Amino acid sequence: MSDRIDPFASAVDMLAALRARRLSAVELLEMHQSRIARHNPELNAIVEPDFERARRDAEAADAQRARGEDAPLRGLPMTLKESINVRGLRTTAGMTMWKDFRSEHDAPVTQRVKGAGAVVMAKTNVPQMLADWQSNNPVYGRSNNPWDLARTPGGSTGGGAAALAAGLTPLEFGSDIGGSIRVPAAFCGVYGHRPSETAMPRSGQFPMPPMPNAAVVMGVQGPLARSAADLELALDVAAGPEAGEDVAWKLAMPPARRERLRDFRVAILPPVDWVPVDSEIAASLEDLAGRLGQLGCAVKRAQPEGLGDHRQHYELYLTLLSAVTSSRVPAEERRARLEVMRTRDDEWSRAFQRGIESGAPDYVAWFGRREQYRAGWRAFFREWDVLLAPAFIVPAYPHWDKPWPNTPESIRKTLTVNGAPVLEEIGLFCASVATLAGQPATAFPGGRTRAGLPIGLQAIGPYLEDRTPIRFAGLVERELGGFVRPPRYERD
C-alpha cells in the first residue's frame with residue numbers, strides 16, 4: 001500500500017489508511033465528492049446524492065475513531081443502487097410514477113453497512129424497473145460506460161459499476177436476478193458478487209412495504225468493488241438471515257476451500273451450441289483455462305449432470321423469472337405483457353408466457369424441478385471447486401432506446417455476436433446458469449478486447465460457500481491481473 005490514497009485505492013486500503021490516521025473520513029469523503037463533481041456530469045452514474053448527511057456521518061466516524069471505536073467500514077464512503085431503500089432518499093426504480101417517493105425506512109443492507117460504520121454518500125442509476133442491461137430512465141436519464149461513453153455500463157446496477165470504474169466510489173451494493181450485478185461488472189471491468197440465494201436479506205428494494213417474501217426466489221442483493229478482497233469485506237458485513245429469521249438463525253460461511261490457486265479444481269462450462277459467445281470472450285476463457293493448467297490447477301470442461309444442452313434449464317429459469325417479476329403487476333398489465341410476448345412464437349417466449357399465466361400449483365411444481373437442479377450442483381461441487389463461464393455473451397454494447405413496457409419490436413432486439421444477429425434476450429443465459437439454483441457467482445475481469453473494452457468472466461461456486469469463488473477471483477487477480485483504470489479517468 002502506497003503512502004498516498006487515491007480514488008482508485010481498494011476499500012481495504014482506504015480503511016487501513018483511516019485506521020492509521022493518514023487521512024480522516026471527512027477528507028476521504030471530500031476526495032470522492034470532488035471526483036463526482038468533476039466526472040459524474042458525463043457519466044451520470046451518481047443520481048441521488050446524500051452529501052449533507054454523509055458529511056455528518058463522516059464527522060461522527062472521525063469522532064468515534066478518536067475515541068478508539070472501530071468498525072469494519074468505519075468512515076468509508078460508499079454507494080447503493082437506487083432501488084435499495086435509504087431513509088429520506090428517493091426510491092424510484094427509474095419510474096415516473098414513483099419519482100416523488102421517499103423511503104421511510106432503511107433496507108436491511110443499508111442498516112448493516114451503516115451499522116458497520118459506512119458513510120452512504122449517494123445512490124446510483126438503474127433502468128426502469130431494473131429490467132435492462134442499460135441504465136437509462138425518464139427520472140434520472142442515461143448512465144454511460146467509463147470505457148466508452150457511447151456504450152452501456154450494464155444494468156441494472158449500471159450506475160454503480162460505472163462509478164466504481166471511474167473512481168467515484170470504492171464500494172457498491174446492487175441486486176441480481178438476470179445478471180444485474182455480474183453484467184455491469186463485466187461491462188465496466190470491475191468485480192461483482194451474486195451471493196448464494198439465502199446468504200443475505202433480499203428485502204428492502206422498490207417503493208413497497210419492507211417485509212420479506214419467501215416466495216420471491218432467485219433475486220439477491222450483493223456487492224460490487226474494484227477487488228475481490230473488497231467483495232469479501234462487504235459480504236462479511238451484509239451477510240446474514242432475513243428479518244424475522246435472525247432471532248435464531250446465524251450464518252457461518254465456511255472458509256474458502258483453497259488458499260493457493262494451483263490447488264483449485266476448475267471446471268469450464270462447455271460451449272452451448274445455441275448460445276453464441278463473442279470470440280474474444282471465448283478466447284479469454286480458454287486462455288485463462290490454459291494458464292490455470294500451467295499453474296497446476298486441475299482444469300476440465302464439465303458441468304452438473306442434468307444440464308444437458310441447457311434448454312430445459314433455461315426454459316425453467318425464464319418461466320420463474322417471468323412469474324417473479326410479474327407477481328406485483330396488476331392483471332391488466334399482465335395481460336398486456338402476454339399480448340406482446342405472443343407476437344413471438346418460440347420456446348423462450350412461451351416460457352415467459354407460462355410464468356405470467358400459470359397458477360399457484362404450477363409454481364410449486366416448478367420449485368420441485370428447481371430442487372433437482374440444486375441437487376445436481378451439490379453433487380458437482382463434490383468434485384469441483386468452481387465452474388468458469390462468460391459473464392455475458394458480448395462486451396459492452398452501444399446505447400439503444402429500450403421502451404418500457406416492452407413492445408413487439410423491443411423483444412426482437414438483437415446484438416451482433418461474431419458478425420451475426422443474436423436475440424439480446426439470450427444474454428440471460430449467462431445469468432441463468434447460476435441463478436436458477438441460487439448458486440453464488442463472482443464476476444471478475446478477464447482482460448480487454450482488441451477495441452479496448454473490458455471482458456468479464458464469472459466463477460460459480462458451491463451453495464453458501466461464497467468465499468470460494470471470491471477467493472478464486474482474488475487469487476487470479478494476484479497471479480494474472482485484475483481491475484485496470486479506464487484511460488479517460490486515470491488522472492485528475
Side-chain angles (χ1 to χ4, degrees), residues 1 8-16 72-73 76 78 113 154 157 160-161 163-165 167 169-174 176 179 181-196 199-200 220-239 253-266 284-285 288-289 291-292 295 297 385-391 434 439-448 454-462 464-485:
M1 184 173 65
F8 290 99
S10 69
V12 168
D13 282 356
M14 288 183 185
L15 285 162
L73 301 180
L76 182 75
M78 64 170 292
V113 298
T157 319
L164 281 163
T169 184
L171 200 61
E172 163 87 359
F173 269 90
D176 186 309
I181 288 172
R182 291 164 287 168
V183 175
F187 283 5
C188 293
V190 298
Y191 291 79
H193 182 69
R194 175 204 150 79
S196 297
M200 269 185 59
V220 298
Q221 297 171 34
L224 296 89
R226 288 188 294 266
S227 76
D230 289 351
L231 293 180
E232 188 164 11
L233 168 73
L235 189 66
D236 283 345
V237 165
M253 281 188 183
R257 290 185 175 188
R258 314 291 168 197
E259 290 297 325
R260 300 181 303 183
L261 186 57
R262 67 174 181 263
D263 292 336
F264 270 84
R265 302 169 297 172
V266 182
S284 172
L285 181 57
L288 177 58
R291 296 172 77 176
L292 291 171
L295 290 169
C297 296
D385 298 318
V386 292
L387 171 64
L388 301 188
Q439 303 298 132
T442 305
F444 61 95
R448 289 177 300 286
I455 290 172
L457 304 175
Q458 61 177 325
I460 301 169
L464 291 177
E465 295 187 52
D466 293 54
R467 296 186 197 282
T468 291
I470 293 176
R471 180 63 51 81
F472 174 83
L475 293 170
V476 169
E477 177 184 7
R478 183 189 305 172
E479 292 282 342
L480 305 176
F483 170 76
V484 175
R485 305 178 185 198

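Remember, it's a predicted structure, so these values are computed and weren't measured experimentally.
Considering every non-hydrogen atom in both Pro445 and Phe483, the closest pair reads CG-N, 4.0 Å. Heavy atoms only, all atoms of each residue included: Met78 and Thr169 are closest at CA-OG1, 3.6 Å. Across every non-hydrogen atom of Ala11 and Leu233, the tightest pair is CB-CD2, 4.2 Å. Residue Glu465 comes nearest to Pro254 through the heavy atom pair CG-CG, 3.6 Å, listed as atom of the first residue, atom of the second, then distance. When every heavy atom of Cys188 is checked against every heavy atom of Ala165, the shortest pair comes out as O-CB, 3.5 Å. The two atoms that bring Pro195 and Met200 nearest to each other are CG-SD, 4.1 Å, heavy atoms only.
Atom CD1 in Ile181 sits 9.0 Å away from atom CD in Glu172 (nearest 0.5 Å). Taken from CZ in Phe472 to CZ in Arg258, the straight-line distance is 12.5 Å, to the nearest 0.5 Å. A distance of 7.5 Å separates CG in Leu231 from CG in Leu224, rounded to the nearest 0.5 Å. Here CG of Leu292 is found 10.0 Å from CZ of Phe264. Values are rounded to the nearest 0.5 Å.
In this structure a side-chain-to-backbone donor-acceptor pair under 3.5 Å is present from Arg194 to Asp176. Between the side chain of Asp466 and the main chain of Pro440, no donor-acceptor pair closer than 3.5 Å is present. Checking side-chain atoms of Arg226 against main-chain N and O of Leu164 turns up a donor-acceptor pair under 3.5 Å. In terms of modelled atom types and a separation under 3.5 Å, the side chain of Gln458 and the main chain of Thr442 share no donor-acceptor contact. Remark: the backbone N or O of Gly446 is paired with a side-chain donor or acceptor of Ser284 at under 3.5 angstrom.
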### Query
Hey, mind stepping through Arg467 and Ile470 against side chain to side chain contact (heavy atoms under 4.5 Å, CB included) and telling me if it holds?
CA-CA 5 Å; Arg467 296 186 197 282; Ile470 293 176; 5.6 Å; no
### Message
Determine whether Leu288 and Phe444 satisfy the following criterion, side chain to side chain contact (heavy atoms under 4.5 Å, CB included), listing intermediate values before the conclusion.
### Response
CA-CA 12 Å; Leu288 177 58; Phe444 61 95; 3.8 Å; yes
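Within the 4.5 Å cutoff, the side chain of Pro462 has heavy atoms near those of the Arg257 side chain. In this structure, Leu388 and Leu457 have side chains that are not in contact, with every pair of non-hydrogen atoms separated by 4.5 Å or more. Under the 4.5 Å side-chain criterion, counting only non-hydrogen atoms from C-beta, Phe187 is not in contact with Pro454. By the 4.5 Å heavy-atom criterion applied to side chains, Leu235 and Met253 are counted as neighbours.
The residue from Arg265, Arg260, Arg471 that alone fulfils the salt bridge (Lys or Arg N to Asp or Glu O under 4.0 Å) condition with Asp385 is Arg265.
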